[in-house]
Amino acid sequence: MTSPQTAASRARLLELIKELAVVRGRVILSSGKEADYYIDLRRVTLHHEASQLVGEVMLDMINAAGIEFASAGGLTMGADPVATAVMNASARSGGTVDAFVVRKAQKSYGMGRQVEGPDVAGRDVVVLEDTSTTGGSALTAVEGVRNAGGNVVAVAVIVDRDTGAKERIEAEAGVPYLFAFGKDELGLD
């Protein structure tokens with residue numbers, strides 16, 4: 001059950017997303033699809049007030065779904081500040097969730113890792129993303145984490161664009177897909 005504090009945080013985060021992140025006008029998304037709006041969540045996840053709210057809201061959503069996990073992260077760069085926010089929210093509440101970063105491809109130098117941060121091998125992890133259109137970035141991260149020995153227990157995003165990512169991720173990755181806000185909540189029907 002969501003606490004009154006988390007409900008207030010969620011309401012404030014929604015205000016900030018609408019104010020800072022929703023950009024109207026024709027754009028080409030990373031998926032190659034065209035849209036009449038863009039949700040630039042880096043304007044939120046890297047904002048001094050909003051980033052703390054992102055961590056609190058995402059952690060509460062994942063916990064409310066009954067998902068237990070030890071680490072959270074996703075494909076660099078959209079997921080990086082989301083993972084850090086979740087890690088910090090966990091620490092503030094006495095938890096021990098770590099964060100990780102998934103590169104698009106395994107490094108050919110150094111330790112040759114695709115997943116950076118505390119080792120995910122043998123750990124339950126949540127793959128994070130700021131927003132998802134087709135689910136491609138999250139699925140790339142899921143594959144990278146699984147190749148590194150991590151057990152992906154869910155994919156969680158801040159905003160779902162309602163363009164098929166949920167269905168694709170649940171079908172292809174076989175894990176629950178959670179989102180904090182739908183495009184309808186942003187007035188983007």
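If you read the sequence from its start, that first residue is 1, and numbering goes on from there.
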Practice problem: First locate atom CZ of R42, then atom CG of D80, and finally report the distance between them rounded to the nearest 0.5 Å. | Solution: 9.0 Å
Practice problem: Using the side-chain contact (heavy atoms from CB on, under 4.5 Å) rule, take V102 and Q114 through it: C-alpha gap first, then chi angles, then the decisive distance, then the call. | Solution: CA-CA 6 Å; V102 181; Q114 184 178 7; 4.0 Å; yes
Self-check item: Pair I158-I17, side-chain contact (heavy atoms from CB on, under 4.5 Å): steps then yes or no
Solution: CA-CA 10 Å; I158 300 170; I17 291 170; 3.9 Å; yes
Quiz item: Heavy-atom distance under 4.5 Å between the side chains of E68 and V153, does that happen here?
Solution: no
Quiz prompt | Same cluster (ILVMFWY, side-chain, under 4.5 Å), L16 and L188 | solution = yes
Quiz item: V126 versus M58: any side-chain heavy-atom pair under 4.5 Å?
Solution: no
Quiz item: What are the two closest non-hydrogen atoms of V44 and A50, and how far apart are they?
Solution: O-CB, 3.2 Å
Exercise. Decide side-chain contact (heavy atoms from CB on, under 4.5 Å) for V125 and F69; before the verdict, give the C-alpha distance in whole Å, the side-chain angles of both, and the deciding distance to 0.1 Å.
Key: CA-CA 5 Å; V125 305; F69 65 109; 5.8 Å; no
Quiz item: Heavy atoms, side chains only, cut-off 4.5 Å: are N151 and D124 in contact?
Solution: yes
Quiz prompt | Heavy-atom check, side chain of R123 versus side chain of D98, under 4.5 Å | solution = yes
Exercise. Evaluate the side-chain proximity of T163 to T134: yes if any heavy-atom separation is below 4.5 Å, no if none is.
Key: no
Quiz item: L53 and L20: same hydrophobic cluster, using ILVMFWY side-chain contacts below 4.5 Å?
Solution: yes
Self-check item: Test log, rule side-chain contact (heavy atoms from CB on, under 4.5 Å), inputs V159 and D130
Solution: CA-CA 7 Å; V159 174; D130 52 8; over 6 Å; no
Quiz item: Side-chain contact, heavy-atom cut-off 4.5 Å: R24 with D36?
Solution: no
Quiz prompt | N/O donor-acceptor pair under 3.5 Å between R146 side chain and A173 backbone | solution = yes
Exercise. Verify, without hydrogens or angle tests, whether S9 (side chain) and V57 (backbone) share a donor-acceptor contact under 3.5 angstrom.
Key: no
Exercise. Give me the one residue out of E185, E56, E15 that meets salt bridge (Lys or Arg N to Asp or Glu O under 4.0 Å) with R10.
Key: E185
Practice problem: Return the minimal non-hydrogen interatomic distance between A138 and V127, and the atom names on each side. | Solution: O-CG1, 3.9 Å
Exercise. Ignoring hydrogens and angles, tell me if any N or O in the side chain of E34 forms a donor-acceptor pair with the backbone of R26 under 3.5 Å.
Key: no
